Novice: 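Got a structure for you, questions after.
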Amino acid sequence: MEKRVWSACEQSLNSSSSLSRETLASVRSLIVNPYTSDSTISSILETLTRSLQFNTDSLHRQHILKLLSDLASCRTHLSSSILGSVSSNSQPSADSLAAVASITECDQSLRTELNDESFLSLCFGSSPSTRTWLLRNAAERFGVPTHVLLTVFLGFTKDPYPYVRKVALDGLAELPKKCTVFNRSVVGGCYFRAVELLEDSEDCVRLAAVRVVGEWGQMLAETAQEEDRRDWSDVVFVQLCSMVRDMNVDVRVGAFDALGKTKMVSEDVLLQTLSKKVLSIIKEKKSSGRCNAQNCAGAFVHGLEDEFVKVRRSACHSLRMLVVLSSEFAGQALNLLMDILNDHSILVRLEAIETLCRIATFGCLKMQDIHMHMFLGTLFDKNYQIRSAARRIIKLVTLPKLEFFRLCINGLLENLERYPQDEPDVFSTLFYIGKNHGKFAGHIIKEVSQEIEPVGDGRLNFDSARVASFLVLSISAPLAADDNGQSIPPIVFSYAVTLLGRVSNALKDVLDRSTLLEYLSQCSRSSVPCRTEVERESLLHDVDNDVPRHMDMDSSSSVESPLLQRIKEASEFRLTMPYESSNATASLVEYQLEENDGILKSINLVLVKVNDVWPLVLSGFTNEVLKALRACKEELEMFAHASHKSAGALAFALEYVKAIKLLSKIMGCIIGKIWSCGSGYLEILLGKLDVKLREIRCRFIELSVETELCVLELVVVACILRLSAVELCCYQSTYQRLSATLARIEFLHKEESIEPSNFVLEIKKSLDDVGSALNNSPWISSRLTELVNHFSPKQLIILRTLRHVNAELIVHGNEPEDPLPFVPGLPLAIPLEFTLHNVSSSSRLWLSITLSGELTQYVFLDLNLLGGSDEVSKFTFNAPFYRTPKAGSFSLKVCIGLECSFEDAQLIKGRVGPKRPLVYLCQEKEVYLRKV
């Protein structure tokens, strides 16, 4: 049959200049059928290639090219040879270009060569969408030379269509990475063209222009005469500063990102960005006429006061990059940064504290009275990384007076009281601050000496975290340059021996346990008052087993200089290590966890990789995205035997990766317009995505607000994609779910004072229009496809263990060889054993019993009667099944489902069973039955 169909089609292809619909349908059916033999596929390819080579009819060639594209899509292993046939046997045209685009989308590694003339003719003769595609792929897929790219990109920055201008500017921004040698006049031309487009009416064009100004402006300054380089750097810097007040939030973020990459700028220009009032030095400065330095007035003030979190965060990051250029600028930036330490966004606070840490690393942090209380407040922040960075600053800073030192000590003690898990880092900070301020440390120890000494009955109170902190502060004094340890009684070092394990753990970056023991031993051998053997034994009672019991604590000798010098050098080296700036999100993944769970950190690092693939999704690289997500899933599955406390987080991460994978496939079908995706396939994917998101919302308890918002935005995207699929008839229910989800998002934003994302804002603006145009499918498709472009997944960070709602189901006495007995027509009882995890007694559970995949009976499980609990509940239950068939044997599928409380009730008259959709908590179990 297959060969007869192909034989008839082959004659039509070779003889007819105008192919009938029947012929096209027959050939395409053979191509898309996965069971078509390889020999037939080879014959199809050969015939289509020959027909393309010898037939000159444009309509005929258009049909042939479409069939070849379909063949490459369905048989990807042939895509390379098909691309070669299309490229060699067809003149460059819009149709051939569309075929090349479709074929290369199937295999992203494919490249095709176009000569300069062909490429230029296609660019100037094609539709705007084709021009956009050509410009985006010119370098990677067509191998166009750099000089041609430069000319084309620069020319199309004047295209009447904004997305063409944007892609041209994006290409210009990437060119310096491919070639660093350009004529100065060319560099100037690209730079000044981008400056003109900073005033473009389209947001996407201005954002791309900001990138070009930053990249080419830096080259313009580097290629200038040595005496003019700083002036040109100032010009570029001020030009970027003029964009930090743009109406579009992404343009503002892009401007600050570009400012942070500046390598050279005058100090007076930098200082002007911290003040809205024009400084006298700017007024007096003789401008060269190339820029107006007043444009940069208060740039960082505006950025740090912006209403959007990502703008404030970008401004903080940019500030951190620039503080190394001027100590005066770093010092004056303190006032702004101290205010930002109270920001409601954890990411902004983290960027601000890391900026302060960078300033302290370079010795420019000068604490003042107005700063102390606000800065010390960060020691009590809920975020571990912020507290850790604050303690690092205390290690680095030099305090000018005793009162500041006392405030820092009190702050560290309160930090330890609120967060006992911070003890190692608090002890390390006390050690460093004592080493840097020996006299101050000695003064404090004298004040608290009564707390350190044993109580009236001779017992030591070293279990107190406060006393332990003072002992750690004491042992650092001999290392200070201004106090050689004479103000600390030697007996205090003997007390510190009892804390050897805790202290050595805190100071492991400076010295090991044996060196610390030797140090404490030597410091304690100086005029120690006479003590009894019993007291000495009590001091050594709690010391770790590796401490020598024969340590002579009463002998008199001074601290050995080589040991003291070695410890000083080690601590100074650690303290002055170069500051490594890091992305705030990576810092959160690495340090924000409240408990030291390595598996949880690894899971978060995988989630960072998952978010990194989204730009590839928008660019249409679906195959690469799926491979990357598959690798992330495999990496998570390596932790399948993780500790019980990480099992919930691992399960959540796996479900989230599956949801992103489904979303990527759907985006490939709708946005990428993959020809093989029919409405049936799309409906299946959307249905799977709905189920997966419903499972995530129902089966994980105690999600953070940020995590819930991330999941809810995925629900919104799923609704938008379903509405944009014109073939699917479910507009009203989808619109209702979209409205309900947006209402929940709005409630969380108000409750937690969180700024909504740009995507949510755009959806809210268009919600009424979507509702009023439910029957206008083409409008919905075009409008909502644009809205999806605003979406970008939020970075998920799991900060604590999650409670995973799941169940285990066992059917007793049931095997295929030994089925349960039944009597046809009479009810039967199925003996089941349940184990429920984290299921609340208020949850509505149903037992689903399915016969032959068609008839389903639901049995309600009342946990109040069965005696369940919130954590783990285990019980047996005889599940009734009423509709036994008149057959010799049959099987049932049994599963436990949880009713989704957030879905609208589906009230159906006369229906017995759940009123809302179910989320299944376990794998289906098959029950085998045989007639008695």
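Keep in mind it's a predicted model, so treat the numbers as computed, not measured.
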Novice: So how far is it from Leu607 CG to Cys710 SG, rounded to the nearest 0.5 Å?
Specialist: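 It is 9.0 Å, given to the nearest 0.5 Å.
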Novice: Which heavy atom of Cys316 sits nearest to which heavy atom of Leu304, and what is that distance?
Specialist: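 So the minimum-distance heavy-atom pair works out to SG-CD2, 3.5 Å.
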Novice: Would you tabulate the side-chain donor-acceptor contacts of residues 330-342 under 3.5 Å, counting partners in other chains and residues two or more places apart, or write 'none'?
Specialist:
unit_1 : atom_1 : unit_2 : atom_2 : d
Gln332 : NE2    : Glu328 : OE2    : 2.8
Asn335 : OD1    : His371 : NE2    : 2.9

Novice: Taking atom NE2 of His344 as the centre, report whether more than 12 heavy atoms of other residues, nucleotides or ligands fall under 6.0 Å from it.
Specialist: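 Atom NE2 in His344 is packed in, count exceeds 12.
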Novice: Measuring from atom OG of Ser469 to atom CZ of Phe427, what distance do you get when rounded to the nearest 0.5 angstrom?
Specialist: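 These two atoms lie 4.5 Å from each other.
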Novice: Locate the shortest heavy-atom distance separating Asn383 from Ile386; write the atom from each residue and the value.
Specialist: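 Shortest heavy-atom separation between Asn383 and Ile386 comes out as OD1-N, 2.8 Å.
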Novice: Residues two or more places apart in sequence or in another chain: which of them pass side-chain hydrogen bond (donor to acceptor under 3.5 Å, both in side chains) with Thr707?
Specialist: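 Scan of Thr707 (side-chain hydrogen bond (donor to acceptor under 3.5 Å, both in side chains), adjacent residues dropped) gives Ser704.
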Novice: Given Glu423, which of Arg418, Arg502, Arg466 fulfils the salt bridge (charged side-chain N to carboxylate O under 4.0 Å, His left out) condition?
Specialist: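 Exactly one candidate clears the test, Arg502.
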Novice: How long is the gap from CG on Leu376 to CD1 on Ile394, to the nearest 0.5 Å?
Specialist: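 Leu376 CG to Ile394 CD1: 6.0 Å, rounded to 0.5 Å.
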Novice: Could you please spell out the steps behind the side-chain contact (heavy atoms from CB on, under 4.5 Å) verdict for Glu417 and Phe380?
Specialist: CA-CA 10 Å; Glu417 181 180 353; Phe380 319 128; over 6 Å; no
Novice: How many angstroms lie between CD in Glu354 and CD in Gln385, if you round to the nearest 0.5 Å?
Specialist: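 Answer rounded to 0.5 Å: 5.5 Å.
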Novice: Looking at Tyr432 and Leu396, would you say the former's side chain and the latter's main chain have a donor-acceptor pair under 3.5 Å?
Specialist: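 Looks like no, no N/O pair under 3.5 Å.
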Novice: Only counting residues at least two apart or in another chain, list the ones meeting side chain to side chain contact (heavy atoms under 4.5 Å, CB included) with Ala390.
Specialist: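 Side chain to side chain contact (heavy atoms under 4.5 Å, CB included) list for Ala390, sorted by chain: Ile353, Phe375, Thr378, Leu379.
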Novice: Applying ring pair (Phe, Tyr, Trp, His ring centres under 6.0 Å), can you list everything that pairs with His804, at least two apart in sequence or on another chain?
Specialist: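 Residues passing ring pair (Phe, Tyr, Trp, His ring centres under 6.0 Å) with His804: Phe700.
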Novice: Going by ring-ring contact (aromatic ring centres under 6.0 Å, His included), name the pairs with one or both residues in residues 385-417, residues two or more places apart or in two chains.
Specialist: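 Qualifying pairs: Phe405-His437, Phe405-Phe440.
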Novice: Would you call Glu447-Arg406 a salt bridge at under 4.0 Å N-O?
Specialist: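 Result for this pair is yes, salt bridge flagged.
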Novice: Given the rule in the side-chain contact (heavy atoms from CB on, under 4.5 Å) test, do Leu325 and Leu322 qualify, once you have shown the distances and angles that lead to the verdict?
Specialist: CA-CA 6 Å; Leu325 300 181; Leu322 295 173; 3.8 Å; yes
Novice: For Arg744 and Glu708, what are the C-alpha separation, side-chain angles and deciding distance, and is it a salt bridge (Lys or Arg N to Asp or Glu O under 4.0 Å)?
Specialist: CA-CA 10 Å; Arg744 174 63 179 169; Glu708 184 179 355; 2.9 Å; yes
Novice: Which atom names give the shortest non-hydrogen contact between Gly260 and Ser318, and what distance separates them?
Specialist: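 Heavy atoms only, the tightest pair is N-OG, 3.1 Å.
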Novice: Quick one: does any side-chain atom of Arg358 pair with a main-chain N or O of Arg320 as donor and acceptor, under 3.5 Å?
Specialist: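 Present.
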Novice: Quick check: do Phe470 and Ile444 have side-chain heavy atoms less than 4.5 Å from each other?
Specialist: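 They are in side-chain contact.
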Novice: Can you name the salt bridge (Lys or Arg N to Asp or Glu O under 4.0 Å) partners of Arg349, sequence neighbours left out?
Specialist: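 Applying salt bridge (Lys or Arg N to Asp or Glu O under 4.0 Å) to Arg349 gives Asp381.
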Novice: How many angstroms lie between atom CG of Leu520 and atom OG of Ser504, to the nearest 0.5 angstrom?
Specialist: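 Reported value, rounded in 0.5 Å steps: 10.0 Å.
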Novice: Taking side chain to side chain contact (heavy atoms under 4.5 Å, CB included) as the test, write out the residues that go with Pro756, two or more places apart.
Specialist: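 If we apply the side chain to side chain contact (heavy atoms under 4.5 Å, CB included) test to Pro756, skipping adjacent residues, the hits are His749, Val760, Leu761.
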Novice: To check you understand the geometry: which heavy-atom pair defines the closest contact between Phe652 and Val711, and what is its length?
Specialist: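 Answer, listing the atom of Phe652 first, then Val711: CZ-CG2, 4.3 Å.
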Novice: Before you tell me yes or no, could you show the steps for Lys395 and Ser428 under side chain to side chain donor-acceptor pair (under 3.5 Å), namely the whole-Å CA-CA distance, both residues' side-chain angles and the distance that decides it to 0.1 Å?
Specialist: CA-CA 9 Å; Lys395 292 179 184 180; Ser428 176; 3.1 Å; yes
Novice: Counting C-beta onward and ignoring hydrogens, is there a side-chain heavy-atom pair between Asn436 and Thr398 closer than 4.5 Å?
Specialist: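 Side chain of Asn436 against side chain of Thr398, heavy atoms only: no contact under 4.5 Å found.
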Novice: Would you find a donor on one side and an acceptor on the other, under 3.5 Å apart, between the side chain of Thr355 and the backbone of Glu351?
Specialist: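 Looks like yes, one N/O pair under 3.5 Å.
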Novice: Testing the basics here: between Val397 and Leu365, what is the closest heavy-atom pair and its distance to 0.1 Å?
Specialist: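 Heavy atoms of Val397 and Leu365 come nearest at CG2-O, 3.6 Å.
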Novice: How close do Leu430 and Leu473 get, heavy atom to heavy atom, and via which atoms?
Specialist: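 What the structure gives for the nearest pair is O-CD1, 3.5 Å.
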Novice: Who passes salt bridge (Lys or Arg N to Asp or Glu O under 4.0 Å) against Glu305, sequence neighbours left out?
Specialist: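 Result, salt bridge (Lys or Arg N to Asp or Glu O under 4.0 Å) vs Glu305: Lys276.
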Novice: Could you go through the side-chain contact (heavy atoms from CB on, under 4.5 Å) check for Leu712 and Arg697 one step at a time?
Specialist: CA-CA 9 Å; Leu712 290 174; Arg697 295 183 67 185; 3.5 Å; yes
Novice: Between CZ of Arg312 and CD of Glu755, what distance do you get to the nearest 0.5 Å?
Specialist: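 So the gap between those two atoms works out to 6.0 Å.
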Novice: Excluding sequence neighbours, so at least two apart, what forms side-chain hydrogen bond (donor to acceptor under 3.5 Å, both in side chains) with Thr273?
Specialist: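 Checked Thr273 against side-chain hydrogen bond (donor to acceptor under 3.5 Å, both in side chains); zero matches.
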Novice: Return the set of residues passing ring pair (Phe, Tyr, Trp, His ring centres under 6.0 Å) with Phe300 (not counting sequence neighbours), or none when no residue passes.
Specialist: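 Phe300 satisfies ring pair (Phe, Tyr, Trp, His ring centres under 6.0 Å) with Phe256 only.
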Novice: Ignoring hydrogens and geometry, is there a side-chain-to-backbone donor-acceptor pair from Asp422 to Asp425 under 3.5 Å?
Specialist: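 Answer holds: no.
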Novice: Could you check whether any side-chain N or O of Asn604 sits under 3.5 Å from a backbone N or O of Ile798, counting only pairs where one atom can act as donor and the other as acceptor?
Specialist: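 At least one qualifying donor-acceptor pair exists.
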Novice: Residues two or more places apart in sequence or in another chain: which of them pass side-chain hydrogen bond (donor to acceptor under 3.5 Å, both in side chains) with Glu706?
Specialist: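 Checked Glu706 against side-chain hydrogen bond (donor to acceptor under 3.5 Å, both in side chains); zero matches.
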Novice: Tell me if a side-chain donor or acceptor on Arg803 pairs with a main-chain N or O of Asn838 at a distance below 3.5 Å.
Specialist: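 No, the answer is negative, given that no donor and acceptor are paired below the 3.5 Å cut-off.
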Novice: Test Ile433 against Leu399 for side-chain contact (heavy atoms from CB on, under 4.5 Å), laying out the working first.
Specialist: CA-CA 9 Å; Ile433 193 175; Leu399 302 171; 4.1 Å; yes
Novice: Could you tell me if the side chain of Ile603 sits less than 4.5 Å from the side chain of Leu636, heavy atoms only?
Specialist: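 Yes, side chains in contact.
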Novice: Under a 4.5 Å cut-off applied to non-hydrogen side-chain atoms, are Val311 and Ser314 in contact?
Specialist: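 With C-beta onward as the side chain, the pair stays apart.
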Novice: Against Cys408, only a single residue in Glu403, Arg391, Met372 fulfils side-chain contact (heavy atoms from CB on, under 4.5 Å); can you say which?
Specialist: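 Going through the options one by one, the only one that passes is Met372.
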Novice: I would like to know whether Lys310 and Asp257 meet salt bridge (Lys or Arg N to Asp or Glu O under 4.0 Å); could you show each step before the answer?
Specialist: CA-CA 11 Å; Lys310 57 184 178 180; Asp257 289 344; over 6 Å; no
Novice: Could you tell me whether Asp343 and Arg313 have a side-chain N and a carboxylate O separated by less than 4.0 Å?
Specialist: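 The answer is no: the pair does not qualify as a salt bridge.
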Novice: Glu655: what forms a side-chain hydrogen bond (donor to acceptor under 3.5 Å, both in side chains) with it, not counting sequence neighbours?
Specialist: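 Here the qualifying residues are Lys692.
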